[in-house]
Amino acid sequence: MATETTTTFDSNEIFVVFVLGGPGSGKGTQCAYIKRDYDFVHLSAGDLLREEQHRPGSEYGELINNYIREGEIVPMEVTILLLEKAMKESRDTENKTRFLIDGFPRKMDQAIKFESTVVESQFTLYFEASEETLRKRLLKRGESSGRIDDNSESIKKRFKTFEETSYPVIEDFMARGKVRKIDAEQSIEEVFEEVKKIFETAF
Ligand code: ADP
Ligand code: C5P
Ligand code: MG
C-alpha cells in the first residue's frame with residue numbers, strides 16, 4: 001500500500017531549496033548562476049507577486065501593490081498559490097524537479113504552511129550582509145529597477161520587516177540544522193564560489 005502524503009509534491013521527487021537573506025543580499029543574482037550551472041527552476045516570490053500585481057484583471061493587484069510599497073509581507077495564501085502554480089507548470093510541462101524558491105518563506109506562517117501542504121525543503125541558503133551594504137546596493141539598483149520599493153523610505157521598512165518577521169524564519173531553520181550560511185559581503189564571483197561548494201556536496 002502506498003504511503004499517504006499530505007503535501008502536493010513528494011520531497012523524494014521534488015527538490016526545493018529556499019534562498020533567503022535581507023533585501024539586496026544577492027538572492028536573485030546568485031539564483032541566476034545556480035540555475036545556469038545546476039539545472040534548477042528559479043522562482044522569486046517577489047517577481048511572482050509583481051507579475052500578479054500587473055496581470056490585467058487580477059483581484060490581488062491593489063493589495064500586492066500596497067504591501068510591497070510598505071515593505072510588508074503579503075498574506076501567505078496569495079504567495080503560496082502563485083508558487084504552487086508555477087511549480088506545477090514547470091513539472092508538468094518541462095519535467096522539472098529542482099526548484100530555487102527565492103525570497104520565501106519570509107514569515108513563520110508561510111514556512112509552516114508551505115512545508116506542510118506543498119513540499120518540505122531540503123535546505124536554506126542564507127546570504128548574510130550588513131544593512132549598510134544592502135542599503136547601498138538597493139539604492140543603486142533603484143536607479144534603474146523601476147521598483148516602487150527601492151527608495152530609502154521603503155528600504156527602511158523592508159529592513160524592519162526582515163529583522164522582526166523574516167529573520168526568525170532563518171533562525172528556526174538554523175535550529176533544525178537546515179541553513180547553509182554564506183558571506184554575501186564579497187564580490188558576486190566570490191559569493192558564487194561558496195555557493196558552488198554547497199551545491200557540489202549536495203548532489
Ligand atoms: P536580492 O534578490 O537579494 O534583493 P539582487 O540579486 O537583486 O538581490 O541584488 C541586489 C543588487 O545588488 C543588484 O543590483 C545586484 O546587481 C547587486 N549585487 C548582487 N550581489 C552583489 C555582490 N555580491 N556585490 C555587489 N553587488 C551585488
Ligand atoms: O524578494 P523581493 O525583494 O523581490 O520582495 C519584494 C516584496 O514582495 C517584499 O518586500 C514583500 O512586500 C513582498 N513579498 C512577500 N512575501 C514573500 C516575498 C516577497 O510579501 N515571500
Ligand atoms: Mg530579488
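Note that the numbering runs from 1 along the sequence shown for the chain. Whatever order the structure lists them in is the order used to number ligands and atoms, beginning at 1.
- Residues Phe173 and Pro105 are in side-chain contact: their nearest non-hydrogen atoms beyond the backbone lie under 4.5 Å apart.
- At a heavy-atom distance under 4.0 Å, no atom of Asp102 approaches ligand 2.
- For ligand 2, the atoms closer than 4.0 angstrom to any heavy atom of Val74 are 15 (C), 20 (O).
- Two residues are said to be in side-chain contact when any heavy atoms from C-beta on lie closer than 4.5 Å; Ser130 and Glu185 meet this criterion.
- The ligand atoms of ligand 2 that sit less than 4.0 angstrom from a heavy atom of Gly46 are 4 (O), 5 (O).
- Neither the backbone nor the side chain of Lys27 comes within contact range of ligand 2; no heavy atom lies under 4.0 Å.
- Using a 4.0 Å cut-off to heavy atoms of Tyr67, the atoms of ligand 2 that qualify are 12 (O).
- Under a 4.0 Å criterion applied to the non-hydrogen atoms of Arg50, ligand 2 contributes the atoms 4 (O), 6 (C).
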For this session: Take Ser58 and Gln53 through the side chain to side chain donor-acceptor pair (under 3.5 Å) test and state the conclusion after the steps.
Result: CA-CA 7 Å; Ser58 166; Gln53 179 195 342; over 6 Å; no
I'd like the atom pairs linking ligand 1 to the protein - N or O on both sides, separation under 3.5 Å - with distances to 0.1 Å.
unit_1	atom_1	unit_2	atom_2	d
ligand 1	2 (O)	Gly28	N	3.0
ligand 1	3 (O)	Ser25	N	3.3
ligand 1	3 (O)	Gly26	N	3.1
ligand 1	3 (O)	Lys27	N	2.9
ligand 1	3 (O)	Lys27	NZ	2.9
ligand 1	4 (O)	Gly24	N	2.9
ligand 1	4 (O)	Arg141	NH1	3.2
ligand 1	6 (O)	Gly28	N	3.4
ligand 1	6 (O)	Thr29	N	2.9
ligand 1	6 (O)	Thr29	OG1	2.5
ligand 1	7 (O)	Arg141	NH1	2.8
ligand 1	8 (O)	Gly26	N	3.2
ligand 1	23 (N)	Gln186	O	2.9
ligand 1	23 (N)	Ile188	N	3.3
ligand 1	24 (N)	Arg137	NH2	3.4

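- Residue Glu70 places no heavy atom under 4.0 Å from ligand 2.
- In terms of protein heavy-atom proximity, atom 16 (N) of ligand 2 is nearest to Gln110 NE2, 3.7 Å.
- Assignment of Met76 to the shell around ligand 2 is not supported, since no heavy atom sits closer than 4.0 Å.
- In the candidate list Arg141, Arg106, Lys107, Arg106 is nearest to atom 9 (C) of ligand 2, counting heavy atoms.
- Residue, atom and distance of the protein heavy atom nearest to atom 21 (N) of ligand 2 are Gly103 O, 3.0 Å.
- Inter-residue side-chain proximity for Gln186 and Glu194 is flagged as met; some heavy-atom pair is nearer than 4.5 Å.
- Within 6.0 Å of atom CD in Glu94, more than 12 heavy atoms from other residues, nucleotides or ligands are found, so the atom counts as buried in its surroundings.
- Counting only heavy atoms of the protein, atom 3 (O) of ligand 2 lies nearest to Arg147 NH2, 3.1 Å.
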